[in-house]
Colleague: 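The structure is given below, and queries will be raised subsequently.
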2 protein chains.
Amino acid sequence: MARPERRTVRDVRRGNRGMLLRTLYFDGPASRHELTGLTGLSAATISTMTGDLLAEDIIVEAGQVDSDGGRPRVLLRVNPAYGHVIGVDVAETHVRVELFDLEMTEKARVDYSLRPSHHDIELVTRRILAGIDVVLADGQVPADRVLGVGIGVPGIVERGPDTLIHAKTFGWDGVPLGALMRAGTSLPVFIDNGAKTMGQAELWFGGGRGAAHAVIVLIGSGVGATVVADGVVMRGASNSAGEWGHTKIALEGRQCRCGGRGCLEAYIGAEGILDRAGVPTRTSDWQAALGRVLETRPDVIEETVAYLGMGLSSLINLLNPERILIGGWAGLMIGRDLLPGIRAAARVNSLTQPFNATSIILGELGPDAVALGAATLVLEEFLNTSAPLRLHAAS
Amino acid sequence: MARPERRTVRDVRRGNRGMLLRTLYFDGPASRHELTGLTGLSAATISTMTGDLLAEDIIVEAGQVDSDGGRPRVLLRVNPAYGHVIGVDVAETHVRVELFDLEMTEKARVDYSLRPSHHDIELVTRRILAGIDVVLADGQVPADRVLGVGIGVPGIVERGPDTLIHAKTFGWDGVPLGALMRAGTSLPVFIDNGAKTMGQAELWFGGGRGAAHAVIVLIGSGVGATVVADGVVMRGASNSAGEWGHTKIALEGRQCRCGGRGCLEAYIGAEGILDRAGVPTRTSDWQAALGRVLETRPDVIEETVAYLGMGLSSLINLLNPERILIGGWAGLMIGRDLLPGIRAAARVNSLTQPFNATSIILGELGPDAVALGAATLVLEEFLNTSAPLRLHAAS
DNA sequence: CGTGCTTAGTTCAATACGTGAACCTATACT
DNA sequence: AGTATAGGTTCACGTATTGAACTAAGCACG
C-alpha cells in the first residue's frame with residue numbers, strides 16, 4: 001500500500017518540468033510544437049516552461065527546421081555544458097574518477113591503483129577527493145558547475161545520513177563513506193552498489209533503454225543483478241535487492257564463498273567455472289583462463305549454459321521482465337558465442353507465456369560502466385528535479 | 001525509466017483526496033485536526049475536502065471526543081454503506097460470489113459448484129452474472145450502489161480491452177472473460193489471477209498490512225507468490241510476475257506438471273509432498289492426506305522444510321522484502337508447527353543482511369480470501385480515485 | 001510585390017488548488 | 001458569567017494549466 005506524499009500545485013510544476021527535461025534529453029532535440037505532442041502538455045505551458053529553462057541556460061536552441069509553407073520550427077535541446085557530473089568506481093584494484101558533461105561525454109578521467117587488501121577507508125576517501133580535483137582541473141570545469149558526485153562501491157550500501165557501506169572483501173563493516181565524503185566536499189554525493197550503478201548505466205545508455213521491466217544480470221567473479229520494475233531500480237527494504245548470485249540451484253551443492261552451498265554464483269561465476277574446469281583459481285589472468293576453458297572444455301561450458309538457463313528462468317518466471325541483459329566481463333565472454341544456447345536453456349526452464357515476453361540480449365556497455373552509472377545517479381536527480389544549480393556548492 | 005504522465009492542478013486534488021480517504025479508511029476514525037497531522041495537508045484543505053466528502057456521503061461523522069478544555073473533536077470515518085463491492089472466486093470446483101460493504105464486511109454470498117472439467121466459459125460467465133443478482137437481492141443492495149466487481153481466476157490474465165484468460169487446467173486459451181462480463185453487466189469489472197487477489201487480501205487486511213516490500217507465498221497443490229515492491233503488487237511486462245513455483249532448485253530434478261524438471265512446486269506443492277511420501281495423488285481428501293504425512297513422515301517433512309527454505313532464501317536475496325507471508329492451505333498446515341524450522345532453513349541459505357531485514361510469518365486469512373482480495377481490487381480503485389459513484393451503473 | 005495560406009509560438013483571462021492568517025465555535029474550568 | 005483552550009472555517013494570495021485569441025515567420029501564387 002503506497003502512501004504517496006501530499007502534493008501542492010508547485011509539485012505539478014516540478015513534475016511537468018522534469019518530464020519536459022527528460023523528454024528533451026532522450027528524444028531531443030525537439031521543437032516546442034513537437035513537445036506538446038511528446039509531453040501531453042498544452043502549447044501555452046510548453047511556451048512558458050521552455051522560456052524559463054532557456055533563461056536558466058538549462059536548455060539551448062539547436063537550429064531550425066524549415067517547414068514547407070509555415071514558420072520554421074526552432075529546435076531545443078538540453079545544454080550539455082550547463083553542468084557536469086562526476087562518477088567514481090571504487091573497485092578491488094583501483095579507484096577511478098571520471099568527469100562527464102550532461103550528455104555523458106567523458107571530459108576527464110583519473111585512475112588510482114589500490115594494493116590488494118589495502119582498502120583503508122581514509123585512503124579511498126582521499127583518493128576520491130583528490131581525483132575530483134584532478135578531473136576538474138583537467139577538464140577545466142569550475143567546481144560550481146558540478147551537479148554532484150556518484151560513487152559505485154562493492155557490497156551493501158545502507159542508506160541513511162551517513163551512508164554506511166558493508167563490504168566483506170574490503171574489510172568494511174559499516175564504514176560511513178557518505179559522511180566522510182560530505183566532510184571533504186560540498187558537492188552532493190550519491191552512493192550505490194557498483195553492480196547497481198552498472199545496471200543503471202545499461203538501463204539509461206545501454207541495452208536497457210526504454211524498458212520498463214528489465215533485469216540486468218552481471219557475471220564477473222561474482223554474480224549479481226539489477227532488477228528494474230516499472231522503470232525504477234528495485235531496492236527492497238534495506239537496499240540490498242538484486243542478490244541473484246546466491247539463489248540456490250542445488251540442495252547441498254557446491255560451496256560458495258558466501259558460506260552457503262549450492263549458490264548459482266558457485267556454478268556460473270568466473271571462479272566457479274574455472275574451479276569446475278579444474279583450473280587453479282590462483283591464476284593471474286582470469287580472463288585468459290576463462291577464454292581457454294571456453295575453447296577447450298565444451299563439457300564445462302555446456303554445463304555452465306544449463307545452470308545459467310536455470311538461473312535466468314527463475315528471473316523470467318518470478319519477475320516477468322520484457323528484457324534481460326547479460327553483462328559483466330565473464331557474462332559478455334560467455335554470451336558472445338553462446339547466446340542462442342543460453343536462450344534455449346532458459347526456454348526449457350521457463351513458462352511459455354513469460355518466456356515469450358522476454359528478450360535475452362547482451363549488455364552493450366562493457367565492465368567499465370560502473371563510473372558512468374554512478375554519474376547517472378546524479379543525472380537522474382538533475383533530470384527529475386532540475387534543481388537550479390549552484391545552491392549546493394556554496395560553502 | 002519511468003515516464004510519468006502530465007499533471008494538472010486537478011490531479012493534485014485527486015491525489016490528495018485519495019490520500020485523505022485512504023488515511024481515514026486505515027487509520028480512521030479521525031478528527032479533522034488529526035487528519036492534518038496524518039496527511040500533511042493544511043487545516044484549510046482538510047476542511048474543504050472533508051466538506052465535499054461529507055456532502056457526497058462518502059464519509060460520515062462518527063461521534064465526538066471530549067477534550068479537557070476546548071471544543072470537542074468531531075470524528076470522521078468512511079461511510080461503510082456508501083457503496084458495496086463484489087468479489088468473485090472462480091476455482092476448480094466452484095464459482096463463489098460475495099458481496100461486501102466498504103468495510104469489507106460480508107453481506108451475502110452464493111456458491112455454485114462446478115463439475116470437474118466442465119469449465120465452459122459461457123457457463124462460468126452465466127454463474128457469475130447470476131451470482132451478482134443473487135447477492136444483491138439477498139443483501140438488499142440496489143445495483144447502482146455497487147462500485148464494481150472483482151474476479152479472481154486461475155491462470156494468466158492478459159490485460160487489454162477484452163481481458164483474456166489463459167488457464168490450462170480449465171482449457172481456457174485466451175478466453176475473453178472481460179468482454180463477456182462487460183456485455184452482461186454495466187458494473188466496472190476488475191480481473192486478476194486468484195493467487196494475486198489472495199495476496200492482495202493479505203496485503204490489505206491480513207498479515208501484510210503496512211508493508212511496503214513484501215512477498216505473499218501461496219502453497220496449495222500449486223505454488224505461487226505475490227511480490228509487493230514499494231507498496232504495489234508487481235505485475236511485470238505481461239502481468240504474469242509472481243510465478244515462484246517454477247523456480248528451479250535442481251538440475252534434472254523431479255518432473256513438474258508444467259513440463260519442466262526440478263521446479264520448487266514439484267517438491268513443496270501439496271502434490272509434490274504427497275508424491276515424495278509415496279501417497280497416491282488420487283486421494284479424495286488432500287488435506288487429510290497431507291495431515292497424515294505431517295504426523296507420520298518426519299523424513300519427508302524435514303526435506304520439505306529444507307526445500308522451502310531454499311525457495312524462500314531466493315526471494316529474500318533477490319527481493320529483500322521486509323516481510324514474507326506463508327499462505328495457501330498447504331502452506332498454513334506446514335507452517336503452523338514448522339515455522340521455526342522454516343525460518344532456520346531460510347537463514348542457512350540467505351545472506352545475513354537481507355535475512356535480518358525480513359520477518360517470516362504465517363498468512364492470516366486462510367484460503368477463502370480469493371473473493372475478498374478480488375473485491376479489494378474494486379476498493380483500491382475507489383480509494384485511489386474516489387470516483388463519484390453511479391456514473392458507471394447508468395446504462 | 002503583395003496577398004493569402006500555413007505552421008510555430010506567445011499572451012491573457014479563466015479556472016483550480018493548497019496555504020497562512022484571521023476568524024468563528026464549542027467545550028471546561030474558575 | 002467570564003476566560004482559556006482547542007477544533008474548525010473563511011478568504012485573499014500565489015502558483016499552476018489551459019483554451020482562445022493573437023503574433024511571427026515562412027511559402028505560393030498571381
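Values below: all heavy atoms of this structure, side chains included; hydrogens, waters and symmetry mates excluded. Below, chain A is the first sequence line, B the second, and so on; all start at residue 1. Being a predicted model, the structure only gives us computed values, none of them experimental.
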Colleague: Taking all atoms of both residues into account, what is the closest heavy-atom pair of A:L187 and A:I132, and its distance?
Modeller: CD1-CG2, 4.3 Å
Colleague: Quick check: do B:D230 and B:H213 have side-chain heavy atoms less than 4.5 Å from each other?
Modeller: yes
Colleague: Rounded to the nearest 0.5 Å, what separation is found between the OG1 atom of A:T105 and the NE2 atom of A:H84?
Modeller: 9.0 Å
Colleague: Atom CE in A:M234, atom CE in B:M234: separation rounded to 0.5 Å?
Modeller: 5.5 Å
Colleague: Short of 4.0 Å, heavy atom to strand atom, which residues of residues 36-43 of chain B count as contacting DNA chain C?
Modeller: B:L41, B:S42
Colleague: Would B:E202 and B:R323 count as a salt bridge (Lys or Arg N to Asp or Glu O under 4.0 Å) if you check the C-alpha gap in whole Å, the side-chain angles of each, and the deciding distance to 0.1 Å?
Modeller: CA-CA 12 Å; B:E202 282 285 354; B:R323 209 175 300 168; over 6 Å; no
Colleague: Mind calculating the distance between CZ (A:R10) and P (C:dT19) to the nearest angstrom?
Modeller: 11 Å
Colleague: Any side-chain heavy atom of B:V189 sitting closer than 4.5 Å to one from B:T163?
Modeller: no
Colleague: Is the closest side-chain donor-acceptor distance between A:N384 and A:R14 under 3.5 Å?
Modeller: no
Colleague: Can you check side-chain contact (heavy atoms from CB on, under 4.5 Å) on A:R145 and A:Y82, steps first, answer last?
Modeller: CA-CA 7 Å; A:R145 304 296 302 186; A:Y82 172 72; 3.9 Å; yes
Colleague: Report, one pair per line, the protein and nucleotides 23-26 of chain C atoms (nitrogen or oxygen only) whose separation is under 3.5 Å.
Modeller:
| residue | atom | partner | partner atom | Å |
| --- | --- | --- | --- | --- |
| C:dT25 | O2 | B:R71 | NH1 | 3.4 |
| C:dA26 | N3 | B:R71 | N | 3.4 |

Colleague: Aromatic rings A:F205 and A:F26: how do their planes relate, parallel, tilted or perpendicular, breaks at 30° and 60°?
Modeller: tilted
Colleague: If you assign each of A:R6 and A:S47 to its closest nucleotide in DNA chain C, which residue comes earlier from the 5' end?
Modeller: A:S47
Colleague: Measure from CD1 on A:I46 to P on C:dT11 and round the result to the nearest Å.
Modeller: 15 Å
Colleague: Without decimals, in angstroms, what is the distance between B:D52 CG and C:dC17 C1'?
Modeller: 12 Å
Colleague: What is the distance from atom CG of A:L76 to atom OG1 of A:T23, rounded to the nearest 0.5 Å?
Modeller: 12.5 Å
Colleague: Just the rounded figure in Å: distance from C1' of C:dT10 to CG of A:L76.
Modeller: 14 Å
Colleague: Check every atom of C:dC12, C:dA16, C:dT10 against the side chain of A:A44 and return the nucleotide holding the closest atom.
Modeller: C:dC12
Colleague: Which part of the nucleic acid, if any, lies within contact of B:T8, taking any heavy atom under 4.0 Å across all strands shown: a base, the sugar-phosphate backbone alone, or nothing?
Modeller: sugar-phosphate
Colleague: Indicate, with a heavy-atom threshold strictly under 4.0 Å, whether A:T50 touches base, sugar-phosphate, or nothing.
Modeller: nothing
Colleague: Across the strands shown, which category fits A:S31 at heavy-atom distances under 4.0 angstrom: base, sugar-phosphate, nothing?
Modeller: sugar-phosphate
Colleague: Is the closest side-chain heavy-atom distance between A:I59 and A:L21 below 4.5 Å?
Modeller: yes
Colleague: OP1 or OP2 of C:dG9 sitting under 4.0 Å from any side-chain N/O of A:R73?
Modeller: no
Colleague: Using the heavy-atom set of chain B and a strict 4.0 Å cut-off, write down the first and last nucleotide of DNA chain D that makes it in, 5' to 3'.
Modeller: D:dT5 to D:dT18
